[in-house]
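Structure first, commentary second.
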There are 2 protein chains.
Amino acid sequence: MDESVKERLLAAARRLFSEKGFDRTSVREIARVAGANAAAVSYYFGGKEGLYRAVLEEIWAKLEQHFERFMAADRPPMERIEGFVRGLFAFHAANPSLIRFINRELADPTSCFETVIVPHVEKVAGLLRNSISEAVARGELREGTDPTIAALLLASMSNYLFLVGAVARRVILDPERSLDGLPEGILSVFRKGVACREA
Amino acid sequence: MDESVKERLLAAARRLFSEKGFDRTSVREIARVAGANAAAVSYYFGGKEGLYRAVLEEIWAKLEQHFERFMAADRPPMERIEGFVRGLFAFHAANPSLIRFINRELADPTSCFETVIVPHVEKVAGLLRNSISEAVARGELREGTDPTIAALLLASMSNYLFLVGAVARRVILDPERSLDGLPEGILSVFRKGVACREA
DNA sequence: TAGAATACTAAACAAGCGTTTTAAACGATT
DNA sequence: AATCGTTTAAAACGCTTGTTTAGTATTCTA
């Protein structure tokens, strides 16, 4: 237990908030998991909401870093589009339950929505939209494709499974089915769906 | 105010639970909106959770009724698939915020998950999966298409927008943009994505 | 080494929660 | 008219919540 109390609180909050959300996680529980006092949350973060905000910023920073690697600006647009999907799945594999954290915030915004969520989503959405626009301009995606709609649908397919994780693994998919092929499946549907050549 | 207290409680709970979710809605607030006493919730529904469960059942019944109309068993499979998407959008148009209610439960299951959510999702997912299987068997969708994956992706595209409604309207889509064309756009991507003829 | 700033804690606080209790009002039946 | 079960209301209960207070160690600085 050589980490600082602040770091232990962040780690515990990250875990508990992702698992159960803001409302169902109490300050006392975070403190217990962190092996700290509940008052330390107010001391270091100004309150429960401040701690939540800190965790959210931390996660988004990590996710954006991830996207910047998978969607590097010097790559051709189709590679960036593929990077979006593969990056999202890779991130989820490396950080299970964190995507649900973010998506829960999207589905049910807290007070962090305006200051944390909106700017970050705008950035990632812009990256994806621009990649699609470029791909259309290059003739790699069908002319007339609406980049906004196309981006929305690609993000839908890439995110929904993780969002409804609990029910998906119970009802929609076999629990033991591997998800390894899913990113390519999504990209296949996407490519053909807005591909350059009509069938 | 000629409705019964029980009905008024259900209506108020439906509205408040859809807007703010289970945790952020208090029994006292429901009672105030319904013009009733907070104790009536325990009296009629056995508690807050019972009221929540009643609302959830009510909504699912309505939604399933909707799907049974749009995905009638006597229709050809591709029409049923189209009915799934169009029905979902129509339902959302008629019952704003109710889809978010359901989706919130999917993203963050409460104790109703096993008894209410799982059976209903299984039913609708089965309808969609069977329609896709039949369409593949008829040669209307590409051979080798995995019905489960295809159903998942179609449901993803159809649901995600409503799920992330708040951020979608702020960041992803123009607030004034009409969504009228979106169901057809989704179906277009889906059809081409798993269409019979390769490009 | 004295003093000040920082790090941390136990205890108390006020507010809100869902529920239960108690009792009054109501409508139908005897 | 008296009595019944049902319905509604007010108040109180026990509990948990996030935060604050007040205080004690600990560490750093002069």
Side-chain angles (χ1 to χ4, degrees), chain A residues 1-58 101 104-105 108-116, chain B residues 1-58 101 104-105 108-116:
Chain A
M1 229 197 264
D2 46 359
E3 284 175 304
S4 75
V5 169
K6 193 173 178 182
E7 278 165 356
R8 267 153 41 211
L9 281 175
L10 270 172
R14 192 167 46 234
R15 204 192 88 194
L16 293 169
F17 281 146
S18 359
E19 279 171 9
K20 316 196 297 176
F22 183 83
D23 292 312
R24 282 171 219 188
T25 304
S26 78
V27 169
R28 282 176 175 82
E29 187 180 6
I30 295 170
R32 202 182 60 238
V33 169
N37 190 285
V41 169
S42 286
Y43 178 75
Y44 283 112
F45 301 96
K48 183 187 185 184
E49 196 182 302
L51 174 55
Y52 181 80
R53 186 179 299 265
V55 172
L56 211 54
E57 299 264 24
E58 198 188 49
F101 191 133
R104 176 163 26 213
E105 183 68 26
D108 231 341
T110 69
S111 65
C112 300
F113 181 71
E114 293 293 334
T115 53
V116 184
Chain B
M1 222 185 279
D2 46 359
E3 284 173 304
S4 74
V5 168
K6 192 173 177 181
E7 278 165 356
R8 268 152 42 210
L9 281 176
L10 270 173
R14 192 166 47 235
R15 206 192 87 194
L16 292 170
F17 281 146
S18 351
E19 280 171 7
K20 316 195 297 175
F22 183 83
D23 293 312
R24 281 172 218 186
T25 304
S26 77
V27 169
R28 283 175 174 85
E29 186 180 6
I30 295 171
R32 204 184 56 240
V33 169
N37 190 285
V41 169
S42 285
Y43 178 76
Y44 282 112
F45 301 96
K48 182 187 185 183
E49 195 181 303
L51 174 54
Y52 181 80
R53 186 179 299 266
V55 171
L56 210 55
E57 299 264 24
E58 200 189 49
F101 191 131
R104 177 165 23 216
E105 183 69 26
D108 229 339
T110 69
S111 64
C112 300
F113 182 71
E114 292 294 335
T115 53
V116 183

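Values below: all heavy atoms of this structure, side chains included; hydrogens, waters and symmetry mates excluded. Given the structure is predicted, the values throughout are model-derived calculations rather than measurements. Every chain is numbered from 1, with letters handed out A, B, ... down the list of sequences.
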Problem set entry | Residue closer to the 5' end of DNA chain C, A:Val5 versus B:Gly47 (nearest nucleotide) |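 The residue mapped nearer the 5' terminus is A:Val5.
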
Exercise. What does B:Ala40 touch in the nucleic acid at a heavy-atom separation under 4.0 angstrom: a base, only the sugar-phosphate, or nothing?
Worked result: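 No contact.
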
Exercise. Do B:Arg53 and B:Thr115 get their side chains close enough for a donor-acceptor pair, meaning under 3.5 Å?
Worked result: yes

Problem set entry | Salt bridge B:Glu29-B:Lys20, side-chain N to carboxylate O under 4.0 Å | yes

What integer distance in Å separates [X]:[atom1] from [N]:[atom2]?
| X | N | atom1 | atom2 | result |
| --- | --- | --- | --- | --- |
| A:Arg53 | D:dG18 | CZ | P | 17 Å |
| A:Lys48 | D:dT17 | NZ | P | 9 Å |
| A:Tyr52 | D:dG18 | OH | P | 14 Å |
| B:Arg32 | D:dA10 | CZ | P | 15 Å |
| A:Tyr43 | D:dT19 | OH | P | 17 Å |
| A:Glu29 | D:dT19 | CD | C1' | 18 Å |
| A:Leu9 | C:dA7 | CG | P | 13 Å |
| A:Asp23 | C:dG16 | CG | C1' | 13 Å |

Problem set entry | Atom pair CG (B:Leu56) and CD (B:Glu49), whose distance is rounded to the nearest 0.5 Å | 11.0 Å

For this session: Over 60° means perpendicular and under 30° means parallel, so classify the ring planes of A:Tyr52 and A:Phe101, tilted if in between.
Result: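 If you compare the ring of A:Phe101 with that of A:Tyr52, the planes turn out parallel.
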
Exercise. Does B:Ser26 put a side-chain nitrogen or oxygen below 4.0 Å from OP1 or OP2 of C:dC17?
Worked result: yes

Exercise. Phosphate oxygens OP1/OP2 of D:dT8: is one of them under 4.0 Å from a side-chain N or O of B:Asn37?
Worked result: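 No.
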
Problem set entry | C:dG16 base / B:Arg28 side chain donor-acceptor hit below 3.5 Å |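 Between C:dG16 and B:Arg28, which were checked side chain against base, a qualifying N/O pair under 3.5 Å is absent.
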
